Protein chains: 2
Amino acid sequence: MKEATLKEIAEKLGISITTVSKALKDYPDVSLKTKDAVISLAKKLNYSPNSFAVNLRTKESKTIGLIIPEIVHHFFSNVINGIVAEAEKNGYLVIILQSNESLELEKKQVALLINKRVDGIIISLSNESNDDSHLKEIIARKIPFVQFDKIAKLIHSSKVVINDQLAARNAVQHLIDNGYRKIAHIRGPLNPQNAIDRFIGYKKALEINNIPFDASLVYTCEKVTFQEGIDFAKQIMADHPDVEGIFAITDLVAVGVLSYFNDIGIKIPEQVAVIGFSNWFMSRVLTPKLSTVDQPSHEMGVTSFKLLLEEMNCHKKEIPFTPRTIELETKVIARESTFKKK
Amino acid sequence: MKEATLKEIAEKLGISITTVSKALKDYPDVSLKTKDAVISLAKKLNYSPNSFAVNLRTKESKTIGLIIPEIVHHFFSNVINGIVAEAEKNGYLVIILQSNESLELEKKQVALLINKRVDGIIISLSNESNDDSHLKEIIARKIPFVQFDKIAKLIHSSKVVINDQLAARNAVQHLIDNGYRKIAHIRGPLNPQNAIDRFIGYKKALEINNIPFDASLVYTCEKVTFQEGIDFAKQIMADHPDVEGIFAITDLVAVGVLSYFNDIGIKIPEQVAVIGFSNWFMSRVLTPKLSTVDQPSHEMGVTSFKLLLEEMNCHKKEIPFTPRTIELETKVIARESTFKKK
DNA sequence: CTGAAAGCGCTTACAG
DNA sequence: CTGAAAGCGCTTACAG
């Protein structure tokens, strides 16, 4: 089956391509009779406009690009879900790429999307990202651009984030409020802003409660994996047998801790309390149920797309757009792993 | 910054557009001197070919479409990962759409991708899908097409699947081998082929072991959720207090069962053994650790893309392509939730 | 109400 | 080795 074109319809009907095009787009200056004829023939031929030609003419593809560190990740798959859903509602499609936490790959993906001429780009940075040049390129090309979660602070784009400092402070405060004072922190890598902010939040909570900060209680993930949770749990118990609580950068790591403690028979929270971050689905079905910080991942996706859409609309109409930063709410979810100390 | 074009480069260099195009594509019939001049100016102007124009000329977009029931799903996010990774390796981008388990939405998404003129389509059907017309449309338009996991048997396309009957039979056999004989099955909805096949596998295992089939031990999920796992666990214990094992259609449901049993103090596997399906990450960190069937989700994605690529290449060269079905291996993962009965 | 024409930016068969 | 020309399929400003 060859694809029908405007030309074909025009020839069959003995009218011009212009009129066919107008009829299909319901322009007011086409007679009803012509419109009917065109529309019914188009339906019969199963006509659908060639999007390649439309893209070229209109200079937009109704497609956006999304770059995230990893798809298989409860947080990110929820964000994707929010973005895809909101995009669809507005007639946009989403191309998804992963950076695999590699700066080099992230740069390549950005270049790909620029070449593809997507209408806009949404990104959450890789853990390695400590260089802005590829992001500056997006800005320089005036491509609508939103960063979420793991952002480059200094790049002037719209951003959707949570208050990581405050959220982490609240998590640690929750441990303290429940009677745990000697608290270790398994932090994220050194680059990402959110790992830095959560670490600062941890320190602030200690400070507010007059607990001296002890650098030897801080452990730094390289890859932020389940296995690192296991390894650091072991390490922490070796270094600080009297530790009372652990605050992990994210649930996956906390689950590693919990899994190790369960396996070797360390009671949670009786011997050590554990709190994670992100409220992965998993955390509520573990034994013990894991306390964590709820992060509105789906909403983060929806909001990111909405901001991008605003900017894309301005871009199309050549109206200036001022990037905005939106901060979403988090809250501590108290579960068994941090029950009050007796 | 306005985007550079071939025309611009040609004018600046005082040569023709044709020559510029050829130089950039490294045609052999362009002088080295010209090539150098073109390439260096292109670099200077930050030239990247307008993909909209290229698409229109070459009639391909190096983009494929993927439709799945749900993104936030350990199995599907792993498949996505496999597809995106393999696509990238071959210079293809992936547009992802969800059907949200709705046939109507699935049809809409197929129409979207056809309009978009993607080079190929990969799909896993929604639970509601009991109508083929949209899939036939893909075939009729000769768009390269691969189905995976939840497939329409009668549609003549390439397919990537597991042997659901055998895998389910093995799961139930594992329960029986470990001493559990009164086994309930929480099955999937009535439409999906894989739910049907797993149910058949369950029955076959019983038959082989001379255990009479009892329809009242079969419970049918509508949505295949965590909550249904909880609800059916409760129901099963009410209907059959002497049940010895439960085989759930997928880990998410099995986790619901496990969560309910943990909460009300039913011991697994001492009182009831539980086995799931899919080997979600979660299953290995629960208490007790959940036995399940490993399904090679990432590989399923990679294989699906490879098959699609083969078909796209034939399509481009107008060579006929014969759809193939590839069956991937599964294996039972024995963990605590099905330890040998004492 | 209808249509001729230009143009989006590229690729490629063909001529010289 | 270089380039004029056609054409991919559409949209739209303009003329009548």
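We name chains A, B, ... by the order of the sequence lines, and we start the count at 1 in each one. Note that the structure is predicted; figures quoted are calculated from it, not measured.
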Can you classify the ring geometry of B:Phe148 versus B:Phe76 as parallel (below 30°), tilted (30 to 60°) or perpendicular (above 60°)? perpendicular
Return yes if a side-chain donor-acceptor contact under 3.5 Å exists between [X] and [Y], otherwise no.
{"X": "B:Lys150", "Y": "B:Asn127", "result": "yes"}
{"X": "A:Glu101", "Y": "A:Ser126", "result": "no"}
{"X": "A:Asn46", "Y": "B:Arg141", "result": "yes"}
{"X": "B:Asn81", "Y": "A:Gln98", "result": "yes"}
{"X": "A:Ser133", "Y": "A:Lys107", "result": "yes"}
{"X": "A:Asn55", "Y": "A:Ser61", "result": "no"}

Near DNA chain C, counting only heavy atoms under 4.0 Å, which residues of residues 9-20 of chain A show up? A:Ile15, A:Ser16, A:Thr18, A:Thr19
How many whole angstroms separate atom [atom1] of [X] from atom [atom2] of [N]?
{"X": "B:Leu6", "N": "D:dG7", "atom1": "CG", "atom2": "C1'", "value": "16 Å"}
{"X": "B:Asn115", "N": "D:dC10", "atom1": "CG", "atom2": "P", "value": "12 Å"}
{"X": "B:Asn55", "N": "D:dC10", "atom1": "CG", "atom2": "P", "value": "14 Å"}
{"X": "B:Phe52", "N": "C:dG9", "atom1": "CZ", "atom2": "P", "value": "11 Å"}
{"X": "A:Leu24", "N": "D:dG9", "atom1": "CG", "atom2": "C1'", "value": "13 Å"}
{"X": "B:Glu60", "N": "D:dC8", "atom1": "CD", "atom2": "P", "value": "17 Å"}
{"X": "A:Arg117", "N": "C:dG9", "atom1": "CZ", "atom2": "C1'", "value": "9 Å"}
{"X": "A:Arg57", "N": "D:dG9", "atom1": "CZ", "atom2": "C1'", "value": "11 Å"}

Using the side chain to side chain donor-acceptor pair (under 3.5 Å) rule, pick out the option among A:Glu106, A:Gln109, A:Lys108 that qualifies with A:His134. A:Glu106
May I have the step-by-step check of side chain to side chain donor-acceptor pair (under 3.5 Å) for B:Ser99 and B:Ser102, ending in yes or no? CA-CA 5 Å; B:Ser99 63; B:Ser102 141; over 6 Å; no
Of the nucleotides C:dT2, C:dC10, C:dT12, which has the atom closest to the A:Lys22 side chain? C:dT2
Look at the side chain of B:Leu56 and decide which nucleotide, out of D:dC14, C:dC8, C:dG9, has an atom nearest to it. C:dG9
Between residues 25-38 of chain A and DNA chain D, which residues have a heavy-atom gap below 4.0 Å? A:Lys25, A:Tyr27
Side chain to side chain donor-acceptor pair (under 3.5 Å) assessment of B:Thr63 paired with B:Lys116: CA-CA 10 Å; B:Thr63 304; B:Lys116 180 78 183 177; over 6 Å; no
Base-pairing string, 5' to 3', of DNA chain C - Watson-Crick or wobble, under 3.5 Å, | interstrand: |||.||||||||.|||
Side chain to side chain donor-acceptor pair (under 3.5 Å) between B:Ser21 and B:Thr18: does it pass, once the steps are laid out? CA-CA 5 Å; B:Ser21 173; B:Thr18 306; over 6 Å; no
Base D:dG9 to side chain B:Lys59, donor-acceptor N/O within 3.5 Å cut-off: no
Looking at D:dG7, does its base get a donor-acceptor pair with the side chain of A:Lys7 below 3.5 Å? no
When every non-hydrogen atom of A:Ser124 is compared with those of A:Pro69, the smallest separation belongs to O-CD, 3.4 Å
With a 4.0 Å cut-off on heavy atoms, is B:Ser21 in touch with a base, just the backbone sugar-phosphate, or nothing at all? base
